[in-house]
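Chain letters run A, B, ... following the sequence lines, proteins first and then strands; every chain starts at 1.
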Protein chains: 2
Amino acid sequence: MPVLKVKEAKSTIVKPGVTRRLVHAEKLMLVVIDFDNGPWSEPEPAHFHVHEQTTYVAEGEFIFFCEGEPDQILSAGDMFWVLPNKKHTVQLLSKTVKLIDSFSPIREEFLQ
Amino acid sequence: MPVLKVKEAKSTIVKPGVTRRLVHAEKLMLVVIDFDNGPWSEPEPAHFHVHEQTTYVAEGEFIFFCEGEPDQILSAGDMFWVLPNKKHTVQLLSKTVKLIDSFSPIREEFLQ
């Protein structure tokens with residue numbers, strides 16, 4: 001069944017205060033990330049990946065950093081995208097943030 | 001700038017009561033769809049596309065129909081995915097529904 005109900009979903013603890021749950025097709029993965037450990041005094045170290053990424057901000061407020069771009073304060077309803085190999089990161093400004101990330105191709109390492 | 005702020009976003013009126021706004025990379029498109037014309041007495045006609053799709057339910061309640069699968073009532077926080085060429089549709093049970101859809105490849109027809 002191509003459905004994951006939130007009440008039945010198992011979240012993976014990425015690290016303390018950060019959980020994710022996901023579904024995926026063949027080349028497309030949807031990842032819901034919940035942060036509960038903000039605000040942060042500095043951003044996470046920037047990272048990059050070969051996957052294209054889009055993100056919808058479902059809750060919270062944070063600074064979005066993307067290589068070659070001005071920093072942006074984003075909040076609920078905002079959207080961004082990240083091209084392959086572009087360094088990016090966030091710094092939480094609110095206690096909680098919920099991001100709806102999509103990746104193509106899928107993040108195989110998230111399935112382990 | 002790879003950001004679309006909700007306050008600056010132009011929504012496309014898909015039809016009365018249905019709007020969308022979107023961002024995309026090369027092979028990945030993020031589409032926020034807002035329905036404001038529920039509840040419906042019956043589902044929309046089912047449709048299909050070659051694109052893979054994932055969806056996060058941000059608000060509302062509806063029945064999700066997907067070819068070959070049991071119908072499911074979904075609500076905020078639930079997720080689903082649709083494989084290429086699978087017929088699918090929804091029937092709104094609440095007045096408003098907000099879906100966070102992703103597609104790969106991108107829906108070129110949404111750019112026109």
Side-chain angles (χ1 to χ4, degrees), chain A residues 1-9 11 20-34 50-59 62-86 88 98-106, chain B residues 1-9 11 20-34 50-59 62-86 88 98-106:
Chain A
M1 184 63 207
V3 161
L4 183 65
K5 296 199 177 184
V6 62
K7 289 180 182 172
E8 300 163 1
S11 284
R20 72 172 170 237
R21 58 187 202 276
L22 62 83
V23 299
H24 67 92
E26 297 282 333
K27 289 174 281 189
L28 180 58
M29 176 177 273
L30 173 61
V31 183
V32 176
I33 305 183
D34 282 290
V50 300
H51 315 73
E52 293 189 359
Q53 176 180 340
T54 60
T55 297
Y56 174 80
V57 183
E59 297 175 15
F62 59 92
I63 309 170
F64 172 57
F65 302 87
C66 187
E67 183 185 352
E69 304 288 349
D71 306 339
Q72 295 269 341
I73 294 178
L74 301 182
S75 56
D78 294 338
M79 305 154 82
F80 67 82
W81 66 99
V82 180
L83 294 176
N85 300 311
K86 277 270 187 186
H88 58 285
K98 183 190 290 285
L99 300 182
I100 314 302
D101 286 349
S102 293
F103 299 97
S104 183
I106 69 173
Chain B
M1 182 64 206
V3 161
L4 183 65
K5 295 198 179 187
V6 64
K7 290 180 181 172
E8 301 163 2
S11 285
R20 70 171 172 240
R21 58 186 201 277
L22 61 83
V23 299
H24 66 91
E26 298 282 333
K27 290 174 281 190
L28 180 59
M29 177 177 273
L30 173 62
V31 184
V32 176
I33 306 185
D34 282 288
V50 300
H51 315 73
E52 295 189 359
Q53 176 180 341
T54 60
T55 297
Y56 174 80
V57 183
E59 295 175 19
F62 60 93
I63 310 172
F64 172 57
F65 303 87
C66 188
E67 183 185 353
E69 304 287 348
D71 306 339
Q72 295 270 340
I73 295 178
L74 301 183
S75 57
D78 294 338
M79 305 153 83
F80 66 81
W81 66 100
V82 180
L83 293 177
N85 300 311
K86 277 271 186 186
H88 58 285
K98 184 190 290 285
L99 300 183
I100 315 302
D101 286 349
S102 293
F103 299 98
S104 183
I106 69 173

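Contacts of B:A76 with chain A are made by backbone atoms alone, with heavy-atom separations under 4.5 Å and no side-chain atom involved. In this structure, chain A has heavy atoms under 4.5 Å from both the backbone and the side chain of B:L4. Using a 4.5 Å cut-off between heavy atoms, A:H24 contacts chain B through its backbone alone, with no side-chain atom that close. Interface remark: B:E8 contributes no atoms to any contact with chain A (heavy atom separation under 4.5 Å). Interface residue A:L28: backbone and side-chain heavy atoms are both found under 4.5 Å from chain B. For chain A, the nearby parts of B:P70 are the backbone and the side chain; heavy atoms of each come within less than 4.5 Å. Using a 4.5 Å cut-off between heavy atoms, A:I100 touches chain B through its side chain atoms alone. Of the two parts of B:T55, only the backbone, made up of N, CA, C and O, holds a non-hydrogen atom closer than 4.5 Å to a non-hydrogen atom of chain A. With a 4.5 Å cut-off on non-hydrogen atoms, B:L83 touches chain A through its side chain but not through its backbone. With a 4.5 Å cut-off on non-hydrogen atoms, B:K98 touches chain A through its side chain but not through its backbone.
Ranked by heavy-atom pairs under 4.5 Å with chain A, the first of B:G77, B:S75, B:P84 is B:G77. Interface check for chain B: of the options A:P105, A:G68, A:S102, the most heavy-atom pairs under 4.5 Å are formed by A:S102. In terms of heavy-atom pairs under 4.5 angstrom with chain B, the leader among A:Y56, A:F64, A:F80 is A:Y56.
A heavy-atom distance below 4.5 Å is found between the side chains of A:D101 and A:Q53. Side-chain contact between A:L99 and A:V57 is present, with heavy atoms from C-beta onward closer than 4.5 Å. Using a 4.5 Å cut-off on side-chain heavy atoms (C-beta onward), A:R21 and B:M79 make contact. Contact annotation: the side chain of B:H51 never approaches that of B:M29 to less than 4.5 Å [non-hydrogen atoms, C-beta and beyond]. Proximity of A:W81 to B:L30: side-chain heavy atoms (C-beta onward) are nowhere separated by under 4.5 Å.
Atom NZ of B:K86 is separated from atom CD of B:E69 by 5.5 Å, given to the nearest 0.5 angstrom.
Scanning both residues, B:I106 and B:E26, for their nearest heavy atoms gives CG2-O, 3.7 Å. In plain terms, the two heavy atoms of B:D78 and B:I73 that are nearest each other are OD2-O, 4.4 Å.
Looking at B:S104, its side chain does come within 3.5 Å of a backbone N or O of B:K27 through a donor-acceptor pair.
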